[in-house]
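Read through the structure below, which is laid out as structure tokens, and then see the notes.
Worth knowing before you read on, the calculation uses all heavy atoms, side chains too, and leaves out hydrogens, waters and symmetry mates. Quantities reported herein were computed from a predicted structural model and do not represent experimental measurements. All chains are named by letter (A, B, ...) in the order of the sequence lines, taking the proteins before the strands, and each is independently numbered beginning at 1.
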Protein chains: 2
Amino acid sequence: MRSDSDLTGRARIRDAALELFGAEGVNRVSVRAIAARAGVSAALVLHHFGSKEGLRKACDAYVVEMVRGGPGADLDDVSGLAAMLEASSAMRLYLGRAFLDGSPAAAALFDDIVAAAERWLEEGVRTGRVRPSDDPRARAAVYVTWLLAPLTFGEHLARALPGGGSETDRTLRTSRAGIEIFTRGLFADDRVLDAWDAVREERRSP
Amino acid sequence: MRSDSDLTGRARIRDAALELFGAEGVNRVSVRAIAARAGVSAALVLHHFGSKEGLRKACDAYVVEMVRGGPGADLDDVSGLAAMLEASSAMRLYLGRAFLDGSPAAAALFDDIVAAAERWLEEGVRTGRVRPSDDPRARAAVYVTWLLAPLTFGEHLARALPGGGSETDRTLRTSRAGIEIFTRGLFADDRVLDAWDAVREERRSP
DNA sequence: CATCGAGCTGAACAATCGTTTAGCATCCTG
DNA sequence: CAGGATGCTAAACGATTGTTCAGCTCGATG
């Protein structure tokens, strides 16, 4: 009754909405435009999803489900993140917008990813693969933020890389640069870190 | 004729638009809502800016100008970035949306920031403050992306940090965690980096 | 005083929006 | 065959949108 007819109609509308929502933003896209792209009438969209907001929530749930229970990713390591970043362009764009707009589903997803990353980093510290941190929770949050940054800045990131190369080539370059920072660090000494701590001390008792 | 009357009217409309555009997104905000917040009529908004799109471009130009030529930041080091991140909440939200929507002004700003960061990192490498990179251009782009990430994920970042503390306290924690990664690195050995290079070799000749 | 322009407004316009309603076709079930 | 879901559509409704227009006030200029 549900999964049989998913190949046509409902799913086609959802995919069309996902694509347009991601590319243009939810409120720049009309129900009629979604219907046209899906090859159906505008009324059918509302018939299936109740309202435009219902369609948005359905897209939210679908994207989150794909990231969470996606092909082989169980969110207990960070491989789910890589899967997300390799997801379809439509999903990437939609996710970026969902995080910026602060939809509840996106917020819950973010929190879960941070928790998983914190566990993963913690275990890495135990096994010696990951350096210990003065503030593991904050580090996990920042780490996730950085991994997710291409969702928002992917377009600019690709443009910043000069010359040829396919989109995957550029992605490989940027991810390699990120891993390089993660393993070698960026600053050669503790000067910036010490300066920061000095600033904090200064602010603590003015 | 221009800067004298900026304190009222035109500037008030621009500030109201900036705030609402950042908080809700450009197309979720009506001209009438902006006018109401600025305490003027809807017609005056169009009288000053020609159209809603003109108002959006004016907001773009204003934010970019504030970031570029802001108080003491000449964009020749990355201090301008810090100033940007400490800018008003409205500007932060607006900038995040501008980057996501890929407005031309935001794209140009991003490119300029990457170029400045590349120069800054390059000089750091010469003076020994910054570690050398296998791909300086890509590293600069990724670096800027990471510095800009709080624009989009700031809300989630703050929520991920448990318990008390003011907003500035949370910002201090996350920025400190970021600097920690930048100076100490995240991974304790070259395993991830080597694994990545192995993947690249594999993809090069399949 | 006359006049001109700038700041500003209320009312209206056309377009588009999300949504509702009534109804058509089709297919399964009894 | 009767009948009720189900997938789907065309047409219309009310609300809201961006924009236009005629005209008001008021201080500066001649």
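- Rounded to whole Å, atom C1' of dG18(D) lies 18 Å from atom CZ of R28(B).
- Considering only side-chain atoms of V31(A), the nucleotide from dG18(C), dG7(C), dC21(D) that sits closest is dG18(C).
- Put simply, CG on N27(B) is 13 Å from P on dT19(D), counting in whole angstrom units.
- As a whole-Å value, the separation of L20(B) CG from dT17(D) C1' is 16 Å.
- With dT20(C), dT20(D), dG7(C) as the choices, the nucleotide that has an atom nearest any side-chain atom of L46(B) turns out to be dT20(D).
- The distance from atom NE2 of H47(B) to atom P of dG18(D) is 19 Å, rounded to the nearest whole Å.
- Taking atom NZ of K52(A) as the reference point, atom P of dT19(C) lies 8 Å away to the nearest angstrom.
- Nearest-nucleotide mapping onto DNA chain D: of H48(A) and R32(A), the residue sitting toward the 5' end is H48(A).
- Taking atom CD1 of residue I34(A) and atom C1' of nucleotide dT9(D), one finds them 18 Å apart after rounding to whole Å.
- Between R12(B) atom CZ and dC8(C) atom C1' there is a gap of 12 Å when expressed in whole angstrom units.
- Note: CG (L44(A)) to C1' (dC24(C)) measures 14 Å, nearest angstrom.
- Listed for the R92(B) side chain is no donor-acceptor partner under 3.5 Å among the backbone atoms of L151(B).
- Using a 4.0 Å heavy-atom cutoff across all strands shown, V29(A) reaches sugar-phosphate atoms only and no base atom.
- A salt bridge links R28(B) to D101(A): at least one charged side-chain nitrogen sits closer than 4.0 Å to a carboxylate oxygen.
- A distance of 6.0 Å or more separates the ring centres of W146(A) and F153(A).
- With a 6.0 Å cutoff to the six-membered ring centre and a 45° limit on the axis angle, R129(A) counts as a cation-pi contact of W120(A).
- Here dT9(D) is the nucleotide among dT9(C), dT9(D), dT19(C) with the atom lying nearest to any side-chain atom of V40(A).
- Contact check, S30(A) against dC17(C): a side-chain N or O comes under 4.0 Å of OP1 or OP2.
- Using a 3.5 Å distance cut-off with no hydrogens or angles, the side chains of Y62(A) and D15(A) do not pair a donor with an acceptor.
- Comparing atom distances between the A43(B) side chain and each of dT9(D), dC8(C), dT20(D) picks out dT20(D) as nearest.
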